[in-house]
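Working notes, structure below.
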Amino acid sequence: MIDYRMKTFIVVCKTLNFTQAARELNITQPAVSNHIKAIEEEYGIDLFKFQGKKVILTEEGKLLLNLISSMTNDIEHFKDYLSHNRSKVRLNFGTTLSIGEYIMSPILTKIISKESQLSLRMVVENTKKLLELLDTGKIDFAIVEGYFKRHSYQSKVLKKDRLIPVCSSDYDIKDNVRIEEIFDNWIFVREEGSGTREVLDRTLRGMNYSTDDFKNISEIGNLNAIKSLVENGLGISFMYESVVAKEIEDGILREIKLNDFEATHDFTFLWKEGSFYSKYYEELFEMMRE
């Protein structure tokens, strides 16, 4: 069980506010300060520094948070293992929307057909939320397409995929042009925080552009809704090739050929750095990759 002072530390890390942490923990603010001071004295480090009223986690604090997060995850994993049939293969994980809807189906079909004893729970969220669930032990591992702090996690690349601009097959837009020549279109994108959106935003920033350069922009949190709008000729979108592969094959959508846009990104299997179950996660990764 995690020490009560460490629980206080985790909440302060989440809120970066001692008063708010006290409210969440239902204790006084001096008690929060005393818990943090006791940890700092025990380890001989500063966990937080202050810039005016702003609370900032130190590098040593980040290292301790990563260690505690790994311990929390492993403890939750062990408790779940004890409360269920111990002979079962456990899959308690999360994926981003693109991966969950378009990548995992054949992988899970293969695993389920092989494993007669399987405890399965898959959460579909954006990358930011999945990392929060992973850090708090709510899931054991995640498969994401968004960016993450590599020093906090162990990771392996499950698949690489292209992010491509797409439109309906009969949409009036030219191929073999520069990206600035398609800005006079309505673009449908995922919400901020999603991996797909983050990859698109970073790629455009690297070209000194942004989604704001398009004529109109609509944020939609459902991939099928975006595809439907694009299929009906209402605008364009940037989607992973595997997400629109069937529609392109069937002639419903087509890739817009651009001369100056290229985005390839990893779908990454990751878990907390230093986890006791690292070998187990590596075996699961190999099972998924087969």
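In this text, all values refer to a predicted model and were calculated from it rather than measured experimentally.
- Side-chain contact check for E145 and T196: at least one donor-acceptor pair (N or O, by modelled atom type) lies under 3.5 Å.
- For N185 and Y171, the side-chain atoms include at least one donor-acceptor pair closer than 3.5 Å.
- A cation-pi contact, defined as under 6.0 Å to the ring centre and within 45° of the axis, is absent between K160 and F267.
- By the 6.0 Å contact criterion, CG on N26 is open, its count of non-hydrogen atoms from other residues, nucleotides or ligands being 12 or less.
- Comment: K174 does not engage E181 in a salt bridge, judged by the lack of any side-chain N to carboxylate O separation of less than 4.0 angstrom.
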Going through the distances and angles, do T15 and E24 end up as a side-chain hydrogen bond (donor to acceptor under 3.5 Å, both in side chains)?
CA-CA 9 Å; T15 61; E24 289 196 18; 5.8 Å; no

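- No more than 12 heavy atoms of other residues, nucleotides or ligands shown are found within 6.0 angstrom of CD on Q51.
- In this structure, the side chains of M6 and L64 come closer than 4.5 Å at one or more pairs of heavy atoms.
- Under a hydrophobic-cluster definition in which Ile, Leu, Val, Met, Phe, Trp and Tyr are linked whenever side-chain heavy atoms come within less than 4.5 Å, directly or via other members, V12 and I45 are assigned to the same cluster.
- Remark: the T58 side chain and the D46 side chain contain no N/O donor-acceptor pair separated by less than 3.5 Å.
- Between the T8 side chain and the Y4 main chain, a donor and an acceptor come within less than 3.5 Å of each other.
- In this structure the side chain of E60 never reaches within 4.5 angstrom of the side chain of L47, judged on heavy atoms.
- Residues F214 and V177 fall within the same hydrophobic cluster, defined by Ile, Leu, Val, Met, Phe, Trp and Tyr side chains chained together at heavy-atom separations under 4.5 Å.
- K215 and D184 make their closest contact through CD-OD1, 3.5 Å (heavy atoms, listed as atom of the first residue, atom of the second, distance).
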Could you check S210 against R205 for side-chain contact (heavy atoms from CB on, under 4.5 Å), going step by step and ending with a plain yes or no?
CA-CA 6 Å; S210 77; R205 280 200 302 271; 5.6 Å; no

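- D161 is not listed as a side-chain neighbour of H265, based on a closest heavy-atom distance of 4.5 Å or more.
- Of the inter-residue distances, the one linking W271 atom CH2 with F285 atom CZ reads 8.0 Å to the nearest 0.5 angstrom.
- Between the S275 side chain and the K272 main chain, no donor and acceptor come within less than 3.5 Å of each other.
- If you chain together hydrophobic residues whose side chains sit under 4.5 Å apart, I10 and I56 never meet in one group.
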For K62 and E59, run salt bridge (Lys or Arg N to Asp or Glu O under 4.0 Å): C-alpha distance rounded to whole Å, both residues' side-chain angles, the deciding distance at 0.1 Å, then the answer.
CA-CA 5 Å; K62 291 177 182 177; E59 289 303 315; 3.3 Å; yes

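- Under the 3.5 Å distance criterion, the side-chain polar atoms of D250 are left unmatched by any main-chain donor or acceptor of I252.
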Does the side-chain contact (heavy atoms from CB on, under 4.5 Å) test come out yes or no for D175 and R254, once each step is laid out?
CA-CA 10 Å; D175 282 327; R254 69 177 177 89; 3.1 Å; yes

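- Minimum heavy-atom separation, I226 to S237: CG2-OG, 3.5 Å.
- Atom CD of E249 sits in a sparse spot, with 12 or fewer heavy atoms from other residues, nucleotides or ligands closer than 6.0 Å.
- Hydrophobic clustering (ILVMFWY, side-chain heavy atoms < 4.5 Å, transitive): M122 and I143 are in one cluster.
- We find the OG1-CZ distance between T211 and F183 to be 9.5 Å, quoted to the nearest 0.5 Å.
- Between I179 and D213 there is no side-chain heavy-atom pair separated by less than 4.5 Å.
- S155 and T268 make their closest contact through CB-CG2, 3.5 Å (heavy atoms, listed as atom of the first residue, atom of the second, distance).
- Rounded to the nearest 0.5 Å, atoms NZ (K138) and CD (E125) are 13.0 Å apart.
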CA sep, side-chain torsions, deciding dist, call: L134, L270, side-chain contact (heavy atoms from CB on, under 4.5 Å)
CA-CA 9 Å; L134 186 55; L270 58 88; 3.2 Å; yes

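- Residues Q20 and V11 have side chains not in contact (no heavy-atom distance under 4.5 Å, counting atoms from C-beta outward).
- The two residues E219 and R190 make their nearest non-hydrogen contact at CG-O, 4.3 Å.
- The minimum heavy-atom distance between G233 and S168, with the atom names listed, is CA-OG, 3.7 Å.
- In this structure, R162 and Y240 have side chains that are not in contact, with every pair of non-hydrogen atoms separated by 4.5 Å or more.
- Between S98 and V243 the shortest heavy-atom distance is CB-CG2, 4.0 Å.
- Atom CZ in F48 sits 8.0 Å away from atom CD1 in I39 (nearest 0.5 Å).
- Using a 4.0 Å cut-off between charged nitrogen and carboxylate oxygen, R289 and E286 count as a salt-bridge pair.
- L57 is listed as a side-chain neighbour of C13, based on a closest heavy-atom distance under 4.5 Å.
- For F261 and F238, the ring centers sit closer than 6.0 Å to each other.
- Shown here is D260, whose CG atom has more than 12 heavy atoms of other residues, nucleotides or ligands within 6.0 Å.
- By the rule that hydrophobic residues join a cluster once side-chain heavy atoms approach within less than 4.5 Å of another member, Y147 and V157 end up as members of separate clusters.
- Residues T127 and E198 have side chains that never bring a donor and an acceptor to within less than 3.5 angstrom of each other.
- For H35 and F18, the distance between ring centers is not under 6.0 angstrom.
- The existence of a salt bridge linking E283 and K279 is confirmed by a sub-4.0 Å separation between a basic side-chain nitrogen and an acidic carboxylate oxygen.
- Note that CG of N17 is 7.5 Å distant from CD of Q29, once rounded to the nearest 0.5 Å.
- Side-chain atoms of L284 and D140, non-hydrogen and from C-beta on, never get closer than 4.5 Å to each other.
- A donor-acceptor pair under 3.5 Å links the side-chain atoms of T109 to the main chain of S105, judged by distance alone.
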Starting from the C-alpha separation in whole Å, work towards a yes-or-no answer on side-chain contact (heavy atoms from CB on, under 4.5 Å) for R197 and N126.
CA-CA 10 Å; R197 177 65 180 276; N126 64 40; over 6 Å; no

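- Ring-plane geometry between F141 and F93 is classed as parallel, the angle between the planes falling under 30 degrees on a 0 to 90 degree scale with a further cut at 60.
- In this structure, L223 CG and M239 CE are separated by 4.5 Å, a value rounded to the nearest 0.5 Å.
- The side chain to side chain contact (heavy atoms under 4.5 Å, CB included) test with I164 singles out one residue from I248, I256, L258, and that residue is I248.
- Taking the six-membered ring where tryptophan is involved, the planes of F188 and W186 are essentially parallel, since the angle between them stays under 30° and well short of 60°.
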